[in-house]
Novice: 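Just dropping this structure here.
FYI, side chains are in, hydrogens and waters are out, and symmetry mates aren't considered; it's all heavy atoms of this structure.
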Amino acid sequence: MTLEKLTRQAVVERAMKIAATDGLQAVTIRRLAADLGVTPTALYWHVKNKDELLSALADHLLAALVADVDPGRPWQQRLRAVVTALVEQTRAHPYLAALLPVIDKGTAEAYHRATDTVIGLLTEAGFTLPQADQVATYLLMGATAMVSCQPGGAGGDEEEAAELSRRQRLDLERLPPRRYPHLAAFAATLTGPPDLDAYYSFGVDLLLSAVEAMAPAAGR
């Protein structure tokens with residue numbers, strides 16, 4: 001890529017490809033410059049350092065979280081839209097779970113916008129500001145952990161997921177069923193690849209039902 005065509009967007013998109021194929025640890029200024037066919041110095045016109053690069057990457061991925069939130073809908077539906085978008089982005093880009101804890105929050109505009117939106121929705125539900133901040137954190141951790149703990153492994157294909165499910169079933173079947181009757185019963189359900197759509201739908205419902213049940217506004 002020539003210097004004339006090098007843009008911040010192109011830098012971020014290349015960083016996404018590196019993270020997707022080789023992991024987040026492979027995203028460095030030196031590796032990025034080599035992939036783009038430029039010198040590391042050329043990148044400094046667009047990102048000052050690796051911290052800013054990672055923040056730009058997070059911003060790009062988090063921009064979708066509040067893009068389609070309709071202000072005219074009830075807070076429960078708007079909150080569900082944000083959490084669902086976070087889960088979908090993390091499913092599409094599993095490294096997002098590892099990226100969020102290490103970014104410079106001071107330069108992550110989309111992170112602030114999404115967090116501010118969620119805190120606003122939670123205060124609308126009747127939570128105090130400190131409570132809203134805590135709930136927002138729990139939702140973030142829960143949504144990303146859903147992907148990290150996905151049956152079959154995050155980012156795995158269906159064949160790999162089916163094989164992991166088979167191994168899990170065999171491991172559980174080796175346990176003494178009289179001592180672990182519930183694990184034995186669970187093993188019998190592991191007959192094929194996991195239904196990931198059902199897994200994520202249940203997970204989002206579980207997170208949000210807890211928020212809605214505890215929301216002070218729900219009792220009024």
Side-chain angles (χ1 to χ4, degrees), residues 9 12-13 16 19-20 54-156 158 161 189 193-220:
Q9 181 70 15
V12 170
E13 289 178 355
M16 288 174 59
L54 294 180
S55 292
L57 179 57
D59 260 2
H60 182 80
L61 297 175
L62 295 178
L65 267 59
V66 294
D68 299 320
V69 177
D70 183 353
R73 295 164 64 190
W75 70 264
Q76 296 94 328
Q77 295 180 19
R78 284 178 282 159
L79 183 61
R80 177 174 291 272
V82 176
V83 173
T84 300
L86 175 59
V87 170
E88 290 175 349
Q89 281 294 79
T90 312
R91 288 183 70 180
H93 311 279
Y95 57 85
L96 181 59
L99 176 62
L100 291 178
V102 300
I103 62 171
D104 178 2
K105 304 298 191 299
T107 60
E109 172 63 25
Y111 176 88
H112 288 311
R113 188 163 62 249
T115 303
D116 187 77
T117 297
V118 171
I119 288 178
L121 291 171
L122 292 168
T123 55
E124 187 177 332
F127 292 100
T128 65
L129 283 170
Q131 289 172 338
D133 178 68
Q134 287 180 318
V135 174
T137 300
Y138 298 149
L139 289 174
L140 173 62
M141 292 189 296
T144 54
M146 237 185 276
V147 179
S148 300
C149 301
Q150 171 182 297
E158 185 172 323
T189 70
D195 184 342
L196 292 182
D197 288 337
Y199 166 81
Y200 282 108
S201 177
F202 179 77
V204 171
D205 285 346
L206 189 65
L207 285 176
L208 294 179
S209 63
V211 175
E212 292 174 16
M214 294 187 67
R220 293 201 292 266

Novice: Taking only residues two or more places apart in sequence or in another chain, which ones pass side-chain contact (heavy atoms from CB on, under 4.5 Å) with Gln131?
Specialist: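 Partners of Gln131 under the side-chain contact (heavy atoms from CB on, under 4.5 Å) test: Phe127, Thr128.
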
Novice: What pairs with Asp116 under side-chain contact (heavy atoms from CB on, under 4.5 Å), at least two apart in sequence or on another chain?
Specialist: none

Novice: Which heavy atom in Leu196 sits nearest to a heavy atom in Pro151, and how many Å separate them?
Specialist: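 Shortest heavy-atom contact: CD2-O, 3.9 Å.
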
Novice: Please name the pair of heavy atoms, one in Ala110 and one in Ala63, separated by the smallest distance, quoted to 0.1 Å.
Specialist: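 The pair with the smallest heavy-atom distance is CB-N, 4.0 Å.
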
Novice: Measure the shortest side-chain to side-chain distance between Val83 and Val118 over non-hydrogen atoms and say whether it is less than 4.5 angstrom.
Specialist: no

Novice: Among residues at least two apart in sequence or on other chains, which ones pass salt bridge (Lys or Arg N to Asp or Glu O under 4.0 Å) with Glu109?
Specialist: Arg113

Novice: Does Tyr111 have any side-chain hydrogen bond (donor to acceptor under 3.5 Å, both in side chains) partners at least two apart in sequence or in another chain, and if so, which?
Specialist: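 Testing Tyr111 for side-chain hydrogen bond (donor to acceptor under 3.5 Å, both in side chains), a comparison that skips the adjacent residues, returns none.
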
Novice: Determine whether Thr144 and Leu96 make a side-chain contact, defined as any pair of heavy atoms from C-beta on separated by less than 4.5 Å.
Specialist: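 Not touching, per the 4.5 Å side-chain cut-off.
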
Novice: My understanding is that only residues two or more places apart in sequence, or in another chain, count here; which of them pass side-chain hydrogen bond (donor to acceptor under 3.5 Å, both in side chains) with Thr84?
Specialist: none

Novice: Passes side-chain contact (heavy atoms from CB on, under 4.5 Å), Met146 versus Val87? Steps please.
Specialist: CA-CA 8 Å; Met146 237 185 276; Val87 170; 4.3 Å; yes

Novice: Which residues pass the side-chain hydrogen bond (donor to acceptor under 3.5 Å, both in side chains) test with Glu88, sequence neighbours left out?
Specialist: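 Here no residue qualifies.
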
Novice: Any non-hydrogen side-chain atom of Leu139 less than 4.5 Å from a side-chain atom of Leu79?
Specialist: yes

Novice: With sequence neighbours excluded, what pairs up with Thr90 under the side-chain hydrogen bond (donor to acceptor under 3.5 Å, both in side chains) test?
Specialist: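 Once residues adjacent in sequence are excluded, Thr90 has no partner under the side-chain hydrogen bond (donor to acceptor under 3.5 Å, both in side chains) criterion.
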
Novice: What's the separation between atom NE2 in His93 and atom CG in Leu57, rounded to the nearest 0.5 Å?
Specialist: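 These two atoms lie 9.0 Å from each other.
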
Novice: Write down the atom of Ile119, the atom of Ala136, and the distance for their closest heavy-atom approach.
Specialist: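 Between these two residues, the closest heavy atoms are CG1-CB, 4.4 Å.
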
Novice: Can you name the nearest heavy-atom pair linking Ile103 to Ser55, along with the distance?
Specialist: CB-OG, 4.0 Å

Novice: With sequence neighbours excluded, tell me which residues meet side-chain contact (heavy atoms from CB on, under 4.5 Å) with Gln134.
Specialist: Tyr138

Novice: Once salt bridge (charged side-chain N to carboxylate O under 4.0 Å, His left out) is applied, what residue pairs with a partner in residues 130-143 remain, sequence neighbours excluded?
Specialist: none

Novice: Which donor-acceptor pairs under 3.5 Å do the side chains of residues 202-210 make with protein atoms, sequence neighbours left out?
Specialist:
| from | atom 1 | to | atom 2 | distance (Å) |
| --- | --- | --- | --- | --- |
| Asp205 | OD1 | Arg80 | NH1 | 2.9 |
| Asp205 | OD1 | Arg80 | NH2 | 3.2 |
| Ser209 | OG | Asp205 | O | 2.9 |
| Ser209 | OG | Leu206 | O | 3.0 |

Novice: Is it true that a side-chain atom of Arg73 and a backbone atom of Arg78 form a donor plus acceptor pair closer than 3.5 Å?
Specialist: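 Such a contact is absent between Arg73 side chain and Arg78 backbone.
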
Novice: Roughly how far, to the nearest 0.5 Å, is the CG atom of Leu62 from the CG atom of Leu100?
Specialist: 5.5 Å

Novice: What closest approach, in Å, do Leu65 and Ala114 show between heavy atoms, and which atom pair accounts for it?
Specialist: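 Scanning both residues completely, I find the closest heavy atoms to be CD2-CB, 4.0 Å.
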
Novice: Can you name the residues that form a side-chain contact (heavy atoms from CB on, under 4.5 Å) with His60, not counting sequence neighbours?
Specialist: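 For His60 the side-chain contact (heavy atoms from CB on, under 4.5 Å) partners, ignoring immediate neighbours, are Gln9, Val12, Met16.
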
Novice: Can you name the closest pair of heavy atoms from Trp75 and Leu121 and give their distance?
Specialist: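 Answer, listing the atom of Trp75 first, then Leu121: CB-O, 4.0 Å.
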
